[in-house]
Amino acid sequence: FGLLRAQTPRMYSMKKTLTVGVIGGGIGGVTLAAALEQRGIEVHLFERAAAFGEVGAGIQIPPNAVKVLNTLGAHAGLNVVGFFPDAFVWRDCSSGEESFRIPLKSDCPMLYGAAFFHVHRADLHHLLTALLAKTCVTFTTQFTGVSEPDGKARAHFADGSSFEADLNVGADGGGWEVRVSNFGEEEPKFTGNMCYRAVVPFDEMPWLRYRTGDRCGRAHVLPVAPGWYVASVLLHKATRRCQDHLAKRLTQPPTRRRPR
């Protein structure tokens, strides 16, 4: 997370409750809020959307991250909504023949002490928000900047309000208002690659091998929920017209929701 500038660290007595503001209510922000809350820290979370939504597609959760979720109390729910992939499998894009595989379902618990999950982002986000019991959540709040009066970290918002805390944490993802407030403007650098992604029913699974000119492309497919798969197709290079169009959209929030 990008940290907003805060006061110089100092000793806190056990009688003082540390106050932390979290800017952004996505996966990272909600996970942090839940972890801090469970340790007795007062947390205020600010989200620019009107509500927690179902934006996103598939997420791969490796064992180390699963251990964190288990510690937070999301283990039972993750077992319900998640999917245990058998293995990573690489195939030749021309012949379809398997090149190699890395076992996951059988080996991860033994090697790392936790499973490897695939899950839909909306399902994971719902599990995490359900863990928030005492965190104060404020929606429709657009972060605009930070100041440091009297050694405190004060976050400012578009409606004229502000929030003063011992520490404010930026978890606003691609919006990066927190980063700009701390380190100045920085233009996004588009790599020139494009990736088309969709959540599709299992019985409508698209053909996975394709070619772009005389080169093979890359297709990535993973199950995220019972009966649903995410299919990602990576193209090598976007045209200049596409690059210019995408560059203008990089800072816009996603709008597509999970299909029903």
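Quick caveat, the model's predicted, so the values are computed rather than measured. Numbers here simply count residues along the sequence, with the first being 1. The figures that follow rest on heavy atoms only: side chains count, while hydrogens, waters and symmetry mates do not.
Ring geometry for Phe52 versus Phe139: interplanar angle over 60°, hence perpendicular rather than tilted (30 to 60°).
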Exercise for review: Could you walk me through whether Leu104 and Asp86 pass side chain to side chain contact (heavy atoms under 4.5 Å, CB included), step by step?
Suggested key: CA-CA 5 Å; Leu104 296 175; Asp86 289 327; over 6 Å; no
Exercise for review: Go through Phe46 and Phe163 one step at a time and tell me if the ring pair (Phe, Tyr, Trp, His ring centres under 6.0 Å) criterion holds.
Suggested key: CA-CA 10 Å; Phe46 301 90; Phe163 177 75; 5.2 Å; yes
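Distance check: Thr135 OG1 to Leu45 CG gives 7.0 Å after rounding to the nearest 0.5 Å. Summarising the geometry, atom CZ belonging to Arg121 is positioned 6.0 Å from atom CD1 belonging to Ile59; distances are rounded to the nearest 0.5 Å. Once rounded to the nearest 0.5 Å, the distance linking CZ of Phe157 with CZ of Phe143 reads 7.0 Å. For the atom pair CG (Asp166) and CD1 (Ile41), the distance works out to 9.5 Å, reported to the nearest 0.5 Å. Annotation: the span from Thr129 atom OG1 to Glu47 atom CD amounts to 11.5 Å, rounded to 0.5 Å. To the nearest 0.5 Å, the span separating CG on Leu69 from CG on Asn64 amounts to 11.0 Å.
Atom NE2 of His44 is surrounded by more than 12 heavy atoms from other residues, nucleotides or ligands within 6.0 Å.
Across all their heavy atoms, Ala122 and His120 have their closest contact at N-ND1, 3.0 Å. Scanning all heavy atoms of the two residues, the minimum distance from Thr140 to Ala50 falls at OG1-CA, 3.5 Å. In plain terms, the two heavy atoms of Ala171 and Gly28 that are nearest each other are CB-C, 4.5 Å. The minimum heavy-atom distance between Ala115 and Val66, with the atom names listed, is O-CG2, 3.4 Å. Scanning both residues, Arg101 and Pro103, for their nearest heavy atoms gives O-CD, 3.9 Å. The minimum heavy-atom distance between Leu124 and Ile61, with the atom names listed, is CD2-CD1, 3.9 Å.
Between Ile27 and His125, some side-chain heavy-atom pair lies under the 4.5 Å cut-off. Within the 4.5 Å cutoff, the side chain of Lys105 has no heavy atoms near those of the Pro85 side chain.
Aromatic ring centroids of Phe116 and Phe88 lie under 6.0 Å apart. Separation of the Phe117 and Phe83 ring centroids does not fall under the 6.0 Å cut-off.
Under a 3.5 Å cut-off, the side chain of Gln38 and the backbone N or O of Leu72 do form a donor-acceptor pair. The backbone N or O of Tyr112 sits less than 3.5 Å from a side-chain atom of Lys67, completing a donor-acceptor pair. Panel note: side chain Asp172, backbone Ile23; no donor-acceptor pair is recorded below 3.5 Å. No donor-acceptor distance shorter than 3.5 angstrom exists from the side chain of Asn168 to the backbone of Glu164, with no hydrogens or angles considered.
The cluster map of Ile, Leu, Val, Met, Phe, Trp and Tyr, joined by side-chain heavy atoms under 4.5 Å apart, puts Val89 and Phe84 in different clusters. Val80 and Leu128 fall within a single hydrophobic cluster, where Ile, Leu, Val, Met, Phe, Trp and Tyr are joined by side-chain heavy atoms under 4.5 Å apart, directly or via other members.
Checked for salt-bridge contact, Glu37 and Lys134 miss the test: no charged N lies under 4.0 Å from a carboxylate O.
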